[in-house]
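For reference, the structure discussed in these notes is given below.
Counting convention: from 1, in listed order, for ligands and their atoms alike.
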Amino acid sequence: MRALQITEYGDNSVLTIADVSLPAPIGSQVLINVEAAALNPLDATLRAGYAQALMPLQFPATLGGDVAGVVAALGPDVNGFAVGDRVYGNAYTLLGGSGAIAEQALVQSSNLAPIPGGLSFAEAASMPVGGTTAVEAIDHSLKLQSGQKFFISGGSGAVGSAAVQLAKHLGAYVATTASGDGVDLVRELGADEVFDYTSSDFSEHLHDFDAVLDAVGGTSLEKSYGILRRGGTLVSVSGAIDQNRADQLGLTVIRQGTQSDGVLRELTAYLAEGAITARVGRTYPLEEAVAAFTALENRSVRGKIVIIL
Ligand SMILES: NC(=O)c1ccc[n+]([C@@H]2O[C@H](COP(=O)([O-])OP(=O)(O)OC[C@H]3O[C@@H](n4cnc5c(N)ncnc54)[C@H](OP(=O)(O)O)[C@@H]3O)[C@@H](O)[C@H]2O)c1
């Protein structure tokens with residue numbers, strides 16, 4: 001079977017389509033025939049080697065995490081799945097998978113769930129990493145309540161668009177940032193207040209917020225501390241937190257490294273009831289993986305970039 005692999009870190013010239021065979025699933029692994037795999041910012045970071053100190057790859061490495069397909073075989077310890085099930089989840093090698101961008105993938109059963117409702121394989125593949133990050137932040141880290149004032153930095157991205165939808169579903173007041181056609185997108189998703197970060201500074205307008213989810217990092221994260229009320233909570237998924245500053249301001253700050261275990265099932269329920277919807281921007285065949293990665297890094301596609309296997 002074909003897999004998108006790298007044997008060294010580098011730019012898109014290191015991407016190769018290799019002929020690979022996978023072993024039979026062991027323990028709680030599930031073998032799936034992959035139909036679709038979506039790209040995340042992390043995929044370009046891993047390929048380039050920027051994260052190799054914290055997240056080293058074993059070469060040859062099959063890239064990709066977000067995956068959707070059909071169960072082909074089950075490890076002896078797997079319960080709750082059957083051959084032929086339509087499933088989606090997270091196949092990152094860092095989480096015990098074999099990599100998503102391949103015609104077949106091994107995935108830990110805890111990182112897999114049935115595809116909800118009428119979602120296509122491409123729509124399902126577009127959701128796990130961004131969706132579980134938003135659900136974990138809002139339901140677990142922030143425990144967001146109806147009526148609370150919630151700021152999301154980067155509401156038009158994969159994490160942010162799921163977060164805007166879920167927060168509105170839960171009855172929060174949502175302020176967020178975006179640029180270009182992302183501004184219209186977050187309005188359509190229900191955001192109450194939108195700041196185009198290329199022309200305005202949210203921190204000059206917002207104050208006494210209960211909760212922040214920062215999915216941008218840098219100055220956006222730095223400015224977010226100042227908009228929270230004493231006792232408020234900030235979750236960062238993109239940048240390091242400043243505990244001293246948080247202590248001075250009386251804030252709780254959480255650097256979230258999302259684990260999809262369990263949270264994927266919660267995301268599935270939200271997708272099934274339509275509280276969160278998928279946004280596929282563009283699909284590419286495996287042969288055009290370089291173009292897909294180029295679009296990811298140029299940020300030239302609005303919505304998720306999905307590779308069809
Ligand atoms: N810790 C974790 O577990 C975890 C999990 C998932 C993702 N992440 C991280 O979370 C971040 C977002 O991921 P994603 O998949 O949502 O990415 P994405 O889909 O590419 O979205 C990026 C968002 O950032 C905004 N943005 C880009 N440049 C900006 C700038 N200079 N100032 C303000 N906003 C800017 C974009 O707005 P426009 O497109 O409207 O310009 C968009 O809303 C990434 O850093 C990713 O690595 C972390």
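- Note: an N/O pair closer than 3.5 Å links Gly157 and ligand 1 by distance alone.
- Scanning all protein heavy atoms for the shortest distance to atom 7 (C) of ligand 1 gives Val159 CG2, 3.7 Å.
- In this structure, of Gly239, Ala163, Ala158, the residue bringing a heavy atom nearest to atom 14 (P) of ligand 1 is Ala158.
- By the ring-ring contact (aromatic ring centres under 6.0 Å, His included) test, Tyr173 is found to be paired with no residue, residues two or more places apart in sequence or in another chain being considered.
- At least one heavy atom of Arg255 sits under 4.0 Å from some atom of ligand 1.
- In terms of protein heavy-atom proximity, atom 37 (O) of ligand 1 is closest to Ser156 OG, 3.2 Å.
- Residues Phe150 and Phe209 keep their aromatic ring centres 6.0 Å or farther apart.
- When only non-hydrogen protein atoms are considered, atom 48 (C) of ligand 1 lies nearest to Val237 O, 3.1 Å.
- Of all non-hydrogen atoms in Ser156 and Leu185, the two that sit nearest each other are O-CD2, 3.8 Å.
- In terms of protein heavy-atom proximity, atom 12 (C) of ligand 1 is nearest to Ala215 O, 3.3 Å.
- For the pair Val129 and ligand 1, the shortest N or O to N or O distance does not fall below 3.5 Å.
- The protein atom (non-hydrogen) at minimum distance from atom 28 (N) of ligand 1 is Tyr197 OH, 3.5 Å.
- Not a single heavy atom of Gly130 lies less than 4.0 angstrom from ligand 1.
- For ligand 1 and Gly154, the ligand atoms under 4.0 Å from any heavy atom of the residue are 43 (O).
- Below 3.5 Å of separation, one finds an N or O of Ser238 facing an N or O of ligand 1.
- Proximity of Ser179 to ligand 1, defined as any heavy-atom pair under 4.0 Å, is shared by backbone and side chain alike.
- Looking at Asp66 and Asn40, their side chains come closer than 4.5 Å, going by heavy atoms from C-beta outward.
- Proximity of Thr133 to ligand 1, defined as any heavy-atom pair under 4.0 Å, is confined to the side chain (atoms from C-beta onward).
- Listed here is the closest heavy atom pair of Pro116 and Tyr88: CD-CE2, 3.9 Å.
- Of the polar atoms of Gly257, none of the N or O atoms is found under 3.5 Å from an N or O of ligand 1, judged by distance alone.
- Under the side-chain contact (heavy atoms from CB on, under 4.5 Å) test applied with Val30, the options Val87, Leu112, Leu106 reduce to a single match, Leu112.
- The nearest protein atom to atom 1 (N) of ligand 1, hydrogens excluded, is given as Gln256 O, 2.8 Å; this is a heavy-atom distance.
- Of all protein heavy atoms, the one closest to atom 36 (C) of ligand 1 is Arg299 NH2, 3.5 Å.
- On a distance-only criterion, Ser220 and ligand 1 share no N/O pair closer than 3.5 Å.
- A cation-pi arrangement is found for Arg86 relative to Phe121, the charged atom lying closer than 6.0 Å to the ring centre and inside a 45° cone about the ring normal.
- Salt bridge absent: Glu193 and Arg187 never bring a charged side-chain N and a carboxylate O closer than 4.0 Å.
- Heavy atoms of Glu297 found under 4.0 angstrom from ligand 1: none, in either backbone or side chain.
- Using a 4.0 Å cut-off between charged side-chain N and carboxylate O, Asp208 and Lys149 make no salt bridge.
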Donor-acceptor list for residues 175-183 side chains, cut-off 3.5 Å, not counting sequence neighbours:
residue : atom : partner : partner atom : Å
Thr176  : OG1  : Ile152  : O            : 2.7
Thr176  : OG1  : Gly155  : N            : 3.1
Thr177  : OG1  : Gly154  : N            : 2.9
Ser179  : OG   : Tyr197  : OH           : 3.3
Asp181  : OD1  : Arg302  : NE           : 3.0
Asp181  : OD1  : Arg302  : NH2          : 3.2

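- With salt bridges taken as basic N to acidic carboxylate O contacts below 4.0 Å, one links Asp192 and Lys168.
- Looking only at protein heavy atoms, the nearest one to atom 17 (O) of ligand 1 is Pro41 CG, 3.5 Å.
- With hydrogens and angles ignored, the 3.5 Å screen pairs a side-chain donor or acceptor of Arg230 with a backbone N or O of Leu249.
- Look at Arg2 and Asp19 and you find no salt bridge, because none of the NZ, NE, NH1 or NH2 atoms lies under 4.0 Å from a carboxylate O.
- Listed by atom number, the atoms of ligand 1 under 4.0 Å from Arg302 heavy atoms are 38 (P), 39 (O), 40 (O).
- In plain terms, the two heavy atoms of Pro128 and Gly89 that are nearest each other are CG-O, 3.3 Å.
- For ligand 1, the atoms sitting less than 4.0 Å from at least one non-hydrogen atom of Ala178 are 40 (O), numbered in the order shown with element in parentheses.
- Using a non-hydrogen distance threshold of 4.0 Å, Val216 registers as a contact of ligand 1.
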